[in-house]
Protein chains: 2
Amino acid sequence: MYKVAMIGAGNVAWHLAPALEQCGHLVTTVYSRRLHHAEALCSRLYEARAVDSLDFSAVPADLFVLSVSDDALPQVIDRLILPEHPLTVVHTSGSRPLEILRVLEVPHGVFYPLQTFSKNKEVDWRRLPICVEGNTPQVEERLMQLARAVSGRVYQINSERRRYLHVAAVFACNFTNHMLALAEDLCEQYELDFEILHPLLAETFEKALRVGARQAQTGPAARGDVELIEQHLHLLSQDPDKQRIYRLLSESILNYQG
Amino acid sequence: MYKVAMIGAGNVAWHLAPALEQCGHLVTTVYSRRLHHAEALCSRLYEARAVDSLDFSAVPADLFVLSVSDDALPQVIDRLILPEHPLTVVHTSGSRPLEILRVLEVPHGVFYPLQTFSKNKEVDWRRLPICVEGNTPQVEERLMQLARAVSGRVYQINSERRRYLHVAAVFACNFTNHMLALAEDLCEQYELDFEILHPLLAETFEKALRVGARQAQTGPAARGDVELIEQHLHLLSQDPDKQRIYRLLSESILNYQG
């Protein structure tokens with residue numbers, strides 16, 4: 001059993017801290033810059049204490065989980081004061097390397113649950129991928145065990161591959177979402193109900209995951225319908241941003257499918 | 001009750017013809033350039049006859065449904081010989097205007113089921129949007145009635161708005177799918193299991209439809225994390241196609257969220 005200090009009380013910590021307690025660990029301390037955030041998370045836990053100081057020298061914990069924003073991570077590490085007894089520190093960031101924790105001179109690792117969390121939405125931890133890395137094989141093995149107790153999908157991924165995984169996630173999630181935003185925008189402009197597209201969208205998405213997106217590609221560019229592409233570019237002539245994106249992505253699909 | 005001639009036996013006709021029979025209409029004739037395609041569809045229907053000639057002058061039908069590929073549509077219209085009795089012709093294309101049918105000099109319209117169809121996948125017609133247009137209010141009203149018998153989601157959309165709807169569909173479906181293909185590609189290159197991203201993807205998609213994609217946008221560009229964007233661009237330096245897309249879409253998200 002770990003005694004856990006959660007450093008950060010944001011969306012990840014909000015779901016991860018109770019999940020660790022569900023697996024038999026005990027969260028003793030929750031830090032947030034804003035004490036009432038830490039207190040709110042403590043109210044979901046057995047006996048955790050809320051703190052707003054990064055001096056943990058007297059805190060009863062042997063696992064420190066850094067779960068703050070990517071931006072804040074370097075300065076939190078910088079100001080962190082750890083106790084003298086044996087302990088492990090992990091961060092939960094997908095985009096920051098393991099390396100960033102080395103200055104602490106203690107066993108360290110990454111414990112990255114690959115999901116977007118919202119406080120008001122329950123998380124299905126058994127199906128949620130956790131990517132793990134440790135600074136030694138022993139640390140890594142301990143973190144793998146911890147992750148396997150939380151989730152059925154645990155992956156050992158080093159910092160370099162995790163960086164590419166993060167880029168892939170930007171394409172697969174952030175950019176797909178932006179394409180939806182642009183489509184919403186077009187629908188608004190022409191007084192079309194975006195819901196008309198929902199069934200097509202659901203089918204497209206389902207098919208891409210079932211047969212693979214490359215295999216599932218349809219549309220004017222995939223068919224090489226240059227005339228229709230030109231028509232669409234003309235329709236977008238009042239909207240240079242969408243026009244540029246339409247052109248570049250159509251070219252990319254043409255290249256990619258060719 | 002319409003007596004229907006299906007012109008084309010591809011994926012749309014494959015599902016639409018039986019759906020029309022379910023609503024009490026009778027498909028009398030199925031045309032395909034390749035007779036065995038027409039015969040395969042006829043085997044799903046009550047008493048339809050397969051033909052491979054576009055001479056319909058003696059065919060017992062009063063609703064002609066042109067359901068061929070966008071490319072083939074103009075030449076099929078050109079060669080079509082219709083009977084002399086009163087009839088209506090519709091096409092099922094999302095990207096072709098109503099206008100294209102005017103040369104036939106009969107009542108005409110568009111009956112566009114907005115979905116991507118596969119022969120081996122059942123279609124839930126009650127939830128499938130159908131976009132309808134007619135060359136006169138009377139034709140349009142008749143087609144609306146027909147569509148309402150098939151689906152619970154019927155929209156009256158003229159050719160100009162349908163063109164923008166089609167552009168929106170390209171963004172929402174073809175381009176999102178291409179983003180997934182690029183993410184798959186990155187995962188392959190770095191020996192990452194694309195399935196790691198599935199739960200995040202499902203959540204992203206579900207959230208975009210629930211709260212709206214613009215509202216749901218996350219990621220480095222949405223946060224304005226210019227440092228991370230630069231790192232990602234650097235990681236993609238061996239792959240100019242993905243790098244260009246990453247740059248353009250990040251700029252677009254920055255503009256769009258700003």
Side-chain angles (χ1 to χ4, degrees), chain A residues 70 95 114-116 127-129 155 161 163-165 167-184 186-187 190 192 196-201 203-205 208-209 212-214 216-222 225 228 232 235-236 241 244-245 248-249 252-253 255-256, chain B residues 70 95 114-116 127-129 155 161 163-165 167-184 186-187 190 192 196-201 203-205 208-209 212-214 216-222 225 228 232 235-236 241 244-245 248-249 252-253 255-256:
Chain A
D70 287 354
S95 64
L114 207 171
Q115 183 54 290
T116 175
R127 308 170 65 133
L128 193 145
Y155 300 86
R161 285 169 69 227
R163 279 171 3 150
Y164 283 99
L165 182 63
V167 178
V170 170
F171 277 92
C173 297
N174 303 151
F175 289 169
T176 56
N177 185 79
H178 186 52
M179 294 302 104
L180 297 180
L182 297 180
E184 276 178 3
L186 271 167
C187 286
Y190 296 95
L192 294 157
I196 302 179
L197 291 172
H198 279 199
L200 176 60
L201 209 50
E203 188 73 13
T204 301
F205 180 78
L209 296 197
R214 185 171 186 162
Q217 188 69 55
T218 61
D225 189 340
L228 187 56
H232 284 176
L235 289 174
L236 294 171
D241 191 34
R244 260 194 302 274
I245 290 171
L248 185 62
L249 295 188
S252 177
I253 293 172
N255 292 337
Y256 203 70
Chain B
D70 287 355
S95 65
L114 207 170
Q115 182 54 289
T116 175
R127 308 170 65 134
L128 193 144
Y155 300 86
R161 284 168 70 226
R163 281 174 359 153
Y164 283 100
L165 182 62
V167 178
V170 169
F171 277 92
C173 297
N174 304 150
F175 290 170
T176 54
N177 185 79
H178 186 52
M179 294 302 105
L180 296 180
L182 297 179
E184 276 178 2
L186 272 166
C187 286
Y190 296 94
L192 295 157
I196 302 178
L197 291 172
H198 280 199
L200 176 60
L201 209 50
E203 188 74 14
T204 301
F205 179 79
L209 296 197
R214 185 172 187 161
Q217 188 69 55
T218 61
D225 188 340
L228 187 56
H232 284 176
L235 290 174
L236 294 171
D241 190 35
R244 261 194 301 274
I245 290 171
L248 185 63
L249 294 189
S252 177
I253 293 172
N255 291 339
Y256 203 71

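Within every chain, numbering begins at 1; the chains are lettered A, B, ... in the order of the sequence lines, protein sequences first and strands thereafter. None of these values were measured; they are calculated from a predicted model.
Interface residue Leu114(A): backbone and side-chain heavy atoms are both found under 4.5 Å from chain B. Using a 4.5 Å cut-off between heavy atoms, Leu200(B) contacts chain A through both its backbone and its side chain. Residue contact with chain A, scored on non-hydrogen atoms closer than 4.5 Å, involves the backbone of Arg127(B) exclusively. Glu184(B) touches chain A through its side chain: at least one heavy atom from C-beta onward sits under 4.5 Å away, while N, CA, C and O do not. For Val170(B), the part lying near chain A is the side chain, with the backbone staying farther off; criterion is any non-hydrogen pair under 4.5 Å.
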Evaluate side-chain contact (heavy atoms from CB on, under 4.5 Å) for Thr204(A) paired with Asn174(B), printing each intermediate quantity in order.
CA-CA 8 Å; Thr204(A) 301; Asn174(B) 304 150; over 6 Å; no

Assess whether side-chain contact (heavy atoms from CB on, under 4.5 Å) is satisfied between Leu180(A) and Thr176(B), documenting all intermediate values.
CA-CA 7 Å; Leu180(A) 297 180; Thr176(B) 54; 3.9 Å; yes

Start with the C-alpha gap between Leu192(B) and Tyr155(A), add the side-chain angles, then the distance that decides, and say whether side-chain contact (heavy atoms from CB on, under 4.5 Å) holds.
CA-CA 9 Å; Leu192(B) 295 157; Tyr155(A) 300 86; over 6 Å; no

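Expressed to the nearest 0.5 Å, how far CG of Leu248(A) lies from CG of Leu249(B) amounts to 7.5 Å.
Interface check for chain A: of the options Asp225(B), Val167(B), Thr116(B), Leu182(B), the most heavy-atom pairs under 4.5 Å are formed by Val167(B). Of the listed residues Leu197(B), Ile196(B), Leu186(B), the one with more heavy-atom pairs under 4.5 angstrom with chain A than any other is Ile196(B). Put simply, of Ser95(B), Ala183(B), Ala222(B), the one with the most heavy-atom pairs under 4.5 Å next to chain A is Ala183(B). The most heavy-atom pairs under 4.5 Å with chain B, out of Leu128(A), Asp70(A), Thr218(A), Leu228(A), come from Thr218(A). Considering only heavy-atom pairs separated by less than 4.5 Å from chain A, the leading option among Pro199(B), Pro220(B), Gly219(B) is Pro199(B). Of the listed residues (Cys173(A), Gly212(A), Ala169(A)), the one with the most heavy-atom contacts under 4.5 Å to chain B is Cys173(A).
Across every non-hydrogen atom of Gln115(A) and Glu203(B), the tightest pair is OE1-CB, 3.4 Å. Across all their heavy atoms, Asn177(A) and Ala208(B) have their closest contact at OD1-CB, 3.3 Å. For the pair Ala181(A) and Tyr256(B), the tightest heavy-atom approach, listed with the atom from each and the gap, is O-OH, 3.4 Å. Contact detail for Leu201(A) and Ala172(B): the closest heavy-atom pair is CD1-O, 3.0 Å. Here the closest heavy-atom approach between residue Ser252(A) and residue Asp241(B) is recorded as OG-OD2, 2.9 Å. Contact detail for Phe175(B) and Ile245(A): the closest heavy-atom pair is CE1-O, 4.5 Å.
Using cut-offs of 30° and 60° for the angle between ring planes, the Phe205(A) and Phe205(B) rings count as parallel. Using cut-offs of 30° and 60° for the angle between ring planes, the Tyr164(B) and Tyr190(A) rings count as parallel.
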